[in-house]
Amino acid sequence: MQPTLEANQRLARISAHLHPPPPQMDVNSSTLGIGRSNCRAKGGVSGFRVAILGAAGGIGQSLSLLMKINPLVSVLHLYDVVNTPGVTADISHMDTGAVVRGFLGQPQLEDALTGMDLVIIPAGVPRKPGMTRDDLFNINAGIVKTLCEGIAKCCPRAIVNLISNPVNSTVPIAAEVFKKAGTYDPKRLLGVTMLDVVRANTFVAEVLGLDPREVDVPVVGGHAGVTILPLLSQVKPPSSFSTDEVKYLTDRIQNGGTEVVEAKAGAGSATLSMAYAAMKFADACLRGLRGDAGIVTELPFFASKVKLGRNGVEEIYPLGPLNEFERIGLEKAKKELAGSIEKGVSFIKK
Amino acid sequence: MRTQLLMSALRRSTNTFSSPFATARSFASASSGPERKVAILGAAGGIGQPLSLLMKLNPLVSSLALYDIAGTPGVAADVSHINTRSEVKGYAGEEQLGEALEGSDVIIIPAGVPRKPGMTRDDLFNINAGIVKSLCIAISKYAPNALVNMISNPVNSTVPIAAEVFKKAGTYDEKKLFGVTTLDVVRAKTFYAGKAKVAVEEVNVPVVGGHAGITILPLFSQATPKANLPDEEIKALTKRTQDGGTEVVEAKAGKGSATLSMAYAGAIFADACLKGLNGVPDVVECSYVQSSIIPNLPFFSSKVKLGKNGVEEVLDLGPLSDFERQGLESLKAELKSSIEKGIKCMPKLNT
């Protein structure tokens with residue numbers, strides 16, 4: 001079928017975002033650290049440049065929606081190996097300040113990444129019932145490696161938020177890729193464990209019968225099964241739990257992801273709650289970059305509370321006092337975590 | 001303004017969910033306002049899922065019911081983990097529709113099939129008319145006093161269909177039935193801001209008429225901040241706003257129509273309804289409602305003021321430019337026939 005002139009014009013218009021003009025070279029952001037981006041969005045809004053790698057996927061689409069709403073974002077790059085033109089056209093109609101551009105396929109990865117302040121990576125395949133996060137390793141390890149090679153080349157100073165599972169291994173993989181490229185900065189590489197915190201706050205608030213906005217549960221360790229360690233003894237407001245409640249809550253928080261995988265019965269894993277958690281964490285990183293004081297949230301390799309600032313992680317907080325149950329849990333977590341980290345490191349080194 | 005509201009909702013945290021321990025302790029509701037139940041019919045679909053996410057983040061919602069013919073247990077489990085105020089329940093299959101609806105204050109209906117490239121919204125009529133009809137029969141039975149936000153296309157026809165179903169059941173309240181046209185407003189604002197080179201957050205543009213092609217009439221002559229754009233640009237902006245949906249259908253190349261921006265717009269309109277119910281003054285949004293603004297057009301979209309009983313006031317169109325007056329004339333015939341198509345389909349379907 002011969003496309004008409006009108007159709008060609010329409011196609012040119014809707015695909016214009018796939019061929020963005022080359023980004024301006026910004027003296028501040030190239031070698032001296034993350035300065036405030038000079039990119040101006042429509043109407044002169046200043047803000048940060050954020051890329052989402054895997055933007056057309058289950059998590060990526062909702063995450064793109066939430067980041068497009070965030071007023072700290074001035075430029076939003078959506079990258080994936082399929083379907084990004086459609087997602088980009090959709091999101092670009094929203095009446096918020098961020099300029100949206102879509103990038104499709106590996107040849108466009110570098111354009112997607114150049115000049116970025118923050119890169120969020122939800123790319124990869126999700127679990128099916130019966131799978132552990134580790135079962136995803138083989139496919140997702142390769143994806144993360146390729147994407148990180150792009151980051152090392154095009155935006156080595158960007159803050160990286162890694163969501164792709166198994167996070168316990170993909171974060172060490174990313175670190176090895178960056179080390180190989182000579183760009184590794186541990187303060188800028190963060191595995192997103194925020195969903196465990198979100199779940200912990202939700203489940204604990206329910207048990208306590210408290211206003212959930214007032215509940216804060218530290219969650220440390222890693223992002224899979226027993227490596228997820230909620231520190232219920234440190235819950236704010238200070239609360240006591242029966243032994244049964246502790247067991248119930250710890251189990252439920254550790255298996256929250258599996259709960260959703262099973263409820264979706266093969267249709268995927270958590271997407272909407274993951275998008276929300278990722279957005280909350282990305283927002284915290286951006287506020288840290290902006291210089292806001294007191295941004296405290298969770299971290300990679302070993303997850304614990306960290307203070308976020310202008311250079312990514314500013315301070316890693318000590319775990320604080322642990323009770324007996326938590327000490328035992330910590331040992332279990334460390335054991336499995338060590339194995340996952342080793343698996344990630346070996347993947348690159350071999 | 002809306003962005004700030006969504007962002008502050010995104011930054012806070014609250015939630016309840018049933019578990020063996022929930023009954024042990026309970027709390028009086030926090031200062032987020034009165035209990036409000038929102039039901040989403042079609043919650044597992046392309047629009048329904050991100051819409052469920054956004055409504056879960058809205059602190060005005062205390063109870064969120066997610067209904068669909070399949071897939072809702074998974075979506076509900078997912079969304080229920082988010083630490084915000086509302087309790088989430090999933091309902092799957094027609095047997096559970098009544099329970100999903102009971103006690104709802106606002107019902108949002110994104111259910112139905114989306115367009116493929118080359119289709120008009122009207123091409124969806126045959127399938128979606130039947131879906132809308134069954135859902136509305138249940139609404140008239142289980143939640144006749146709720147505000148109904150209709151997203152299912154073709155909105156120009158599905159809203160009249162809903163009205164007919166409610167009239168037959170004796171539950172029709174013309175102040176409580178809305179066709180959601182917010183996405184046209186969102187698009188008009190975005191495209192105008194681009195051309196006028198102003199911050200999109202400051203833009204206001206009314207969009208009137210209906211929700212398909214030339215029945216969508218953006219009133220750029222009333223847009224603020226003023227930009228004195230040349231006629232050619234106004235024409236182009238008007239066309240782009242009218243074809244905005246098609247633009248996305250084609251970009252998605254068979255994979256669907258606007259989902260994310262539609263969820264965003266749907267959430268904004270539902271939020272406005274909730275604010276109106278809660279007595280917030282001066283809540284005004286464009287919406288496709290029963291209207292006497294234009295003779296011979298029983299349904300028409302224009303600015304409406306929202307209040308405790310739904311539509312409090314349908315506002316006048318205001319002054320129109322010549323181009324807009326022409327546009328208004330051109331849309332009348334198509335809108336009238338879409339409305340009639342909706343009204344007429346009622347007797348044909350088995351009750």
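Treat the numbers as computed from the prediction; the structure is a model and nothing was measured. Order of the sequence lines sets the chain letters (A, B, ...), proteins ahead of strands, with each chain counted from 1.
- If you tally non-hydrogen atom pairs under 4.5 Å between each of A:L65, A:V198, A:T271 and chain B, the highest count goes to A:V198.
- Residue with the most contacts toward chain B among A:A265, A:G268, A:A270, A:S269: A:A270 (heavy-atom pairs, distance under 4.5 Å).
- There is no contact between A:A267 and chain B, counting heavy-atom distances below 4.5 Å.
- Among all heavy-atom pairs drawn from B:S301 and B:T181, the shortest one is OG-OG1, 3.4 Å.
- Note: B:L260 leads B:L260, B:V75, B:L183, B:V249 in heavy-atom pairs under 4.5 Å with chain A.
- The aromatic rings of B:Y192 and B:F220 lie parallel to each other, their planes meeting at an angle below 30°, with 60° marking the opposite boundary.
- For A:S64, no part sits under 4.5 Å from any heavy atom of chain B, backbone or side chain.
- Your options are A:K264, A:H93, A:Q61, A:R199, and the one with the most heavy-atom pairs under 4.5 Å with chain B is A:H93.
- Using a 4.5 Å cut-off between heavy atoms, B:T72 does not touch chain A at all.
- For B:F191, the part lying near chain A is the side chain, with the backbone staying farther off; criterion is any non-hydrogen pair under 4.5 Å.
- Closest heavy-atom contact between B:E233 and B:L229: OE1-CD2, 3.4 Å.
- Minimum heavy-atom separation, B:Y67 to B:A100: CB-CB, 4.0 Å.
- Using a cutoff of 4.0 Å between basic side-chain nitrogens and carboxylate oxygens, A:D90 and B:K255 are not scored as salt-bridged.
- No part of B:A253 comes within reach of chain A, as not one of its non-hydrogen atoms sits under 4.5 angstrom from that chain.
- Among residues two or more places apart in sequence or in another chain, the salt bridge (Lys or Arg N to Asp or Glu O under 4.0 Å) test is passed with B:D184 by none.
- The closest side-chain donor-acceptor pair between B:T190 and A:D95, if any, does not fall under 3.5 angstrom.
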